Structures are given as C-alpha cells and as structure tokens.
> 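Dumping the structure here so I can ask a few things about it.
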Amino acid sequence: MNAGRKVTTSQDMDRLLKRGVAEIIVEDEMRQLLLSGKQLRLKEGFDPSSPDIHLGHVVTLRKLRQFQEWGHQIVLIVADWTAQIGDPSGVNVTRPMLTIEQVKANARTYMEQFFKVVDKEKTEVRWQSEWFGGFDLGDVIRLTSKFTVAQFLAREDFNKRYSEGRPIALTEFLYPLLQAYDSVAVKADVEFGGTDQKFNFLVGRELQSMMGQRPQQCFMMPLLIGTDGALKMSKSLGNYIGVTEPPDDMYGKVMSLADSLIMLYFELLTDVPDAELEEFRQGLARETVNPMVLKKRLAREIVTLLYDADLAGEAEEHFTRVFQQREIPEEMPECRFSFQEVAASTAGSAASKAMRKSECDISHIIVRAGLAKSRSEASRLIAQGAVSVDGEKISASIAPIASGSVLRVGKRRFVKMIDTNNKK
RNA sequence: GGAGGGGUGCCGGAGUGGUUAAUCGGAGCAGUCUGUAAAAUUGCCGCCCGAAAGGGCUACGCAGGUUCAAAUCCUGCCCCCUCCA
C-alpha cells in the first residue's frame, strides 16, 4: 500500500499544508502523520440538503485531490442523517428538516459531481445510514451522555442565539454529535471542511479519543464567498456557481464576480503558482492591470478544471462575442412551436384581426420559451425595453416574427424561434 | 402546569374597519452607464384577459361569522417563540 505514495519534500509539504489553507489542528501532528508514510484516511462529509455541488465544495475537494495524488485515501460521507437535521453551522436560524426521500434524491446526484474533481478509484463513499441506520435509543443516549450543554453552548452560533433569546432546536445539538461519530465510524485520520466546521471537527476529536481512537486532525479551508460578493457560497443563498453548469454559464458567472474576490478564487480554485498570484496582487493594487483581464484568466482556469481547455476556450470566445462585442451567440437554444397555434390563442380578440399573418404575441412566446415565469412578467419585460427580435427592440407585445427569428430577453438570454408548421 | 408574545407577499418587517395588490428595507429582474465588476441612476417586482385604456381573479396561519365594506372586529381551531416551574 505504500507503493503509490510519493516521497514528500518539504516544498511539496508546504504547498499541501499552506496554499489556501485556513487552519490545521494540530499542524505539527499533521506533518508527522504525513512523514510517517502511513496511508491516511481523509474524511469529508457532504450534506445532501440540496442536489448540487458548487465551487464552494470544490475548494476542499481539490485539496483532497492533492492528498489523493500522494496516495492517501479519501472517505466521502453522504450525510443522509444529518441532512435531515439541517446544519446550523454559521447560520443563525433553525434550518428546516428534510425528509429521507428528499435527502436520498439529492444524494444520488452528488456522486458524479464529486468525481469531476476527485479520483473515483481512490475514493471510498460511505453513507451515514450505514451506521446510524442501526442505531437505537440506547445508542443515542450513550452518545449524548458524553457531552454537556455548556460545551455545546460554547459554539459561537449557538451561544449567540441563546443569548439573544432565539430558538435552538434540540436536534441541532445532535448535528455535531452525529458528525463526530462519523469520524469514529470511518476511523478518520483527518477531517476536511470549511472554517465553519471547526466546532464539529473538534467534537469529532474528542469523541474519537473517548472511544479509544487517535483524534483526527482538523483541516480547514477558508469559506468561498459567493457571487454576491459578501456571503459564503451556498445553495440556499442562491449565490453559487454549480459544477454542472454549462461552460458558458460558468464562465459568465465568474466574470460577474466582484473584483475583490479575484485573488481568493485564484488561490482556492486554481493551480496558478504563488509567484504569479503575487504579481496579480500587485498589479491590482497598483492598478496596472485591468481586473477584467485577470478575471478572464480565472474563468478560463475554472472552466478548464471542471471541463477542459477546449471548452474553456469556447466559453471565452462566446463571452467575448456576446458580452464584449454584443453580438448574437453562434449557438442558442431553440424553441419549437407552431406559430399558427400561438396566433390562434389570441384569436377572437380585436387585436388578432389587426394582426398580420407574420405577427405574433411575443409575450406568449417568452413564457413558452421559459424566459419568464408568467405573461405578466413577460409584458413587464417588454414594457421595459428588455426584449428584442432579430436585434430590433420591441415596444408592443404584438410583433412580426419569422421562423428562425432570434428572440432576446435581457442581456444574456437568447432563443431561436422555429415554426413547426413551416419548416423546410 | 403558569405567564406573555407572535403567525402578513422570496426574506425582514409596517399596517387595527374603507382611498390596501397591501408603507418601508433587503434580495431579485430590467433600462442607462460599464469590464456580465463596483458605484451611480431609473423602472418593475401575485396571476389571468386585453395592443392599450381597463377589467377579472387570488392573497395577510385555517375555518366560520359580523358588516355595504375585514389583513384589520367576533368565535372556534392549528402552529411557532420566550420566560417561570
């Protein structure tokens, strides 16, 4: 088993333990473990309370990948039990509980997303239900008896809520306990996650030592700030970039990031060497480099990471053409429907008589193409001048269209309209 | 077991009989500007019909009731939170 492990130079070690790392508890022990030549079991839990993995998750997954390249064993835990509780970490409100069905459906979509970053062959995937499925009340009581309320109230978010008289659900206290027990169950040597996991990790350490295991090392990465530029990237805040998003969208979302996030993203999500990052940093500080240029590099790196260089190149071309030169993209989704049918849906009204043959009520089409949720919304968009057909801004919802016309809504949404009655 | 507070639109949070599709803030969307950045600024922000003017429907925990008129008053029910024990 030792065969795959590379000799570790102190330079390698520094890169592994420093680049994009917030804190390691206990760093010295971590170094010793790495030097011991033992294959380490590196654990990270994923809470499948939503179906997507985003760049925030990728930060730790990439680090895990690096360890994997050194021959260590990754253990990913699908936290199907704790997901039902709802992780309170860093959130000062009680989370809604999910049903087991929701959790399972979400968890299923996780696997392939993990393996966009980590090596599937060297990854052990475990479900919490493997061990908690057989838990009975006695087990729960034994587990809870090991800690006190005071210990848990030490945790910042609990403490804050408690002192402000806001609710803390009893199940929320269970969350760190279950997560800690996971470490016991898989005999973790190291646990990975964001800095918001510190408390949970430490409970894991304690529990392991209470149960006769060597306490795990806690490996914490900074939290990735989301596209809003302020809060941690998370699904529930809607400020995320999903790993399965199409290359063009992913590229575009990176381009729309606040400038202040550029360096953070470079550090946490790319392999651009530290020396180069330092140049970037200085360039930004002295304003000798346009942040947009760096962001394009960043966007390319990220798309390459999750897809490949070719697709990243294409995404960049698309971006340049559509958003910088304001041209129409070469490819866009098609919306196929019968023009006649749409026209017919307004039949009977005075307007339909005034409508010439080639004209259509665009608001219906916008809804049909999924570019607006309702006709009311579509009408508003038209009224605000956000809608154009073949480059012509339209001001009334009745407008001429032809099969193959390009419908544009807002800056970034395009659809080609194809008449299913009249295609040759 | 006792006392108190509360359930309003995506979120926060006003509103105690009509002029309330509901003040305000945040989020979001769109316009101008631009680097799909920030800042600034303007507009929109329940659904349906209508080219428009306009009209209709649904909505303030649930169900009833009073009233010409209810998010606002009455009755019952459900749910949530805090404190004391």
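By convention in this document, chain letters (A, B, ...) are assigned in the order of the sequence lines, proteins followed by strands, and residues within each chain are numbered from 1. Everything quoted here is computed from the prediction, not taken from an experiment.
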> From the options C48(B), G31(B), G35(B), select the nucleotide whose nearest atom is closest to the side chain of P291(A).
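The answer is G35(B), which lies nearest to the side chain.
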
> In terms of the angle between their ring planes, are F192(A) and F219(A) parallel, tilted or perpendicular, with boundaries placed at 30° and 60°?
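Aromatic pair F192(A)/F219(A) classed parallel.
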
> Angle class for the W70(A)/H72(A) ring planes (parallel below 30°, perpendicular above 60°, tilted otherwise)?
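Ring orientation of W70(A) relative to H72(A): tilted.
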
> Rounding to an integer number of Å, can you tell me how far Q325(A) CD sits from G35(B) P?
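Result: 12 Å.
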
> With the side chain of L381(A) defined as its heavy atoms from C-beta on, choose the nearest nucleotide among C29(B), A37(B), U36(B).
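Of all the options, the side chain of L381(A) is nearest to C29(B).
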
> Does S403(A) offer a backbone N or O that forms a donor-acceptor pair with the side chain of D419(A) under 3.5 Å?
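No.
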
> What's the gap between G18(B) and G13(B) when it is taken at their P atoms, as a whole Å value?
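After rounding to an integer number of Å, I get 24 Å for this pair.
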
> Nearest to the Q324(A) side chain among C44(B), G35(B), C29(B), which nucleotide is it?
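Nearest nucleotide to the side chain: G35(B).
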
> Which is more 5' along RNA chain B, the nucleotide nearest K393(A) or the one nearest Y251(A)? Just name the residue.
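This one resolves to K393(A).
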
> If C33(B) has a Watson-Crick or G-U wobble mate with both distances under 3.5 Å, name it; if not, just say none.
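Base-paired to nothing in any strand shown.
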
> Can you measure E287(A) atom CD to A38(B) atom C1' for me and round it to whole angstrom units?
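For the pair E287(A) CD and A38(B) C1', the rounded distance is 12 Å.
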
> Taking OP1 and OP2 of C49(B), is either one under 4.0 Å from a side-chain nitrogen or oxygen of R375(A)?
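Affirmative; the distance criterion is met.
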
> Can you say whether a donor on the side chain of Q384(A) sits under 3.5 Å from an acceptor on the base of G31(B), or the other way round?
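Absent.
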
> State whether the side chain of R205(A) and the backbone N or O of Q216(A) hold a donor-acceptor pair below 3.5 Å, judged by distance alone.
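Looks like yes, one N/O pair under 3.5 Å.
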
> Is it true that F135(A) and Y181(A) have ring centroids separated by less than 6.0 Å?
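Yes.
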
> Can you check the distance between C47(B) and C11(B), where both ends of the measurement are the P atom (answer in whole Å)?
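The answer is 15 Å between these two P atoms.
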
> G252(A) near the nucleic acid: base, sugar-phosphate alone, or nothing, with a heavy-atom cut-off under 4.0 Å?
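If one applies the 4.0 Å heavy-atom cut-off, G252(A) turns out to touch a base.
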
> Which listed nucleotide (A30(B), C47(B), A37(B)) is nearest to the side chain of D259(A)?
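The answer is A37(B).
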
> Does G54(B) have a Watson-Crick or wobble partner in any strand here, with both distances under 3.5 angstrom, and which is it?
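For G54(B), the partner nucleotide comes out as C49(B), under the 3.5 Å rule.
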
> So, K160(A) and D157(A), do they make that salt bridge, N to O below 4.0 Å?
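Salt bridge flag = no for D157(A) with K160(A).
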
> Considering only the C1' atoms, how many Å lie between C73(B) and C68(B), rounded to the nearest integer?
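The answer is 16 Å between these two C1' atoms.
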
> With both distances under 3.5 Å as the test, what is the Watson-Crick or G-U wobble partner of C62(B)?
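Pairing partner, where one exists within any strand: G76(B).
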
> Does the side chain of R321(A) get closer than 4.0 angstrom to OP1 or OP2 of U36(B) through an N or O atom?
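Result: no.
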
> Rounded to whole Å, please give me the gap between NZ in K253(A) and C1' in U36(B).
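The distance from NZ of K253(A) to C1' of U36(B) comes to 12 Å, rounded to the nearest Å.
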
> Can you tell me the base-pairing partner of U23(B)? Count Watson-Crick or G-U wobble geometry only, both distances below 3.5 Å, and say none if there is no partner.
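For U23(B), the partner nucleotide comes out as none, under the 3.5 Å rule.
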
> Rounding to the closest angstrom, what is the interatomic distance between C29(B) and U36(B) at atom C1'?
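My reading of the C1' atoms in C29(B) and U36(B) gives 14 Å.
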
> Between R413(A) and A30(B), is there a side-chain N or O to OP1/OP2 distance below 4.0 Å?
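Answer yes for this pair, as a side-chain N or O of R413(A) is under 4.0 Å from OP1 or OP2.
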
> Students often get this wrong, so: under 4.0 angstrom with heavy atoms, is S376(A) touching a base, only sugar-phosphate, or nothing?
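Base, at least one base heavy atom under 4.0 Å.
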
> In whole angstrom, give the distance that lies between atom CD1 of I362(A) and atom P of G50(B).
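It works out to 14 Å between those atoms.
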
> Work out how far the P atom of A14(B) is from that of G64(B), and round it to whole angstrom.
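It comes out at 29 Å once rounded to the nearest Å.
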
> Write down the distance separating the P atoms in A51(B) and G17(B), rounded off to the nearest Å.
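A51(B) and G17(B) have their P atoms separated by 42 Å.
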
> Rounded to the nearest Å, what distance is computed from the CD1 atom of residue I382(A) to the P atom of nucleotide G50(B)?
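Atom-to-atom, I382(A) to G50(B), this comes out as 13 Å.
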
> Check every atom of A51(B), C29(B), U34(B) against the side chain of S397(A) and return the nucleotide holding the closest atom.
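Among the listed nucleotides, the one closest to the side chain of S397(A) is A51(B).
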
> Should A3(B) form a Watson-Crick or G-U wobble pair with both distances under 3.5 Å, which nucleotide is its partner?
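WC or wobble partner is U82(B).
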
> Can you tell me, in whole Å, how much space there is between the C1' of G12(B) and that of G65(B)?
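Rounded to whole Å, the distance is 33 Å.
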
> Grab the CZ-P distance between F323(A) and C33(B) for me, whole Å please.
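To the nearest whole Å, that distance equals 17 Å.
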
> Rounding to a whole Å, what distance do you find between K411(A):NZ and A30(B):C1'?
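It is 9 Å, rounded to the nearest whole Å.
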
> Mind telling me whether F152(A) and F158(A) have parallel, tilted or perpendicular rings, with 30° and 60° as the class edges?
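Correct class here is parallel.
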
> Mind checking K295(A) for me? I need base, sugar-phosphate or nothing, with any heavy atom below 4.0 Å counting as a touch.
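Since a base atom lies under 4.0 Å of K295(A), the category is base.
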
> With RNA chain B as reference, determine whether I262(A) or E377(A) sits nearer its 5' end, using the nearest nucleotide of each.
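Counting from the 5' end, the first nearest nucleotide belongs to I262(A).
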
> Reckon R380(A) touches a base, only the sugar-phosphate, or nothing at all at heavy-atom distances under 4.0 Å?
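The residue R380(A) makes sugar-phosphate contact but no base contact.
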
> Give the rounded distance in Å between these two atoms: NE2 of H364(A) and C1' of A51(B).
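After rounding, the reported distance stands at 13 Å.
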
> Step through it carefully: locate the ring centre of F46(A), locate the ring centre of H57(A), and say whether they are under 6.0 Å apart.
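Between F46(A) and H57(A), the centre distance is under 6.0 Å.
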
> Can you tell me how far P in A3(B) sits from the matching atom in G9(B), rounded to whole Å?
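About 30 Å, rounded to a whole number of Å.
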
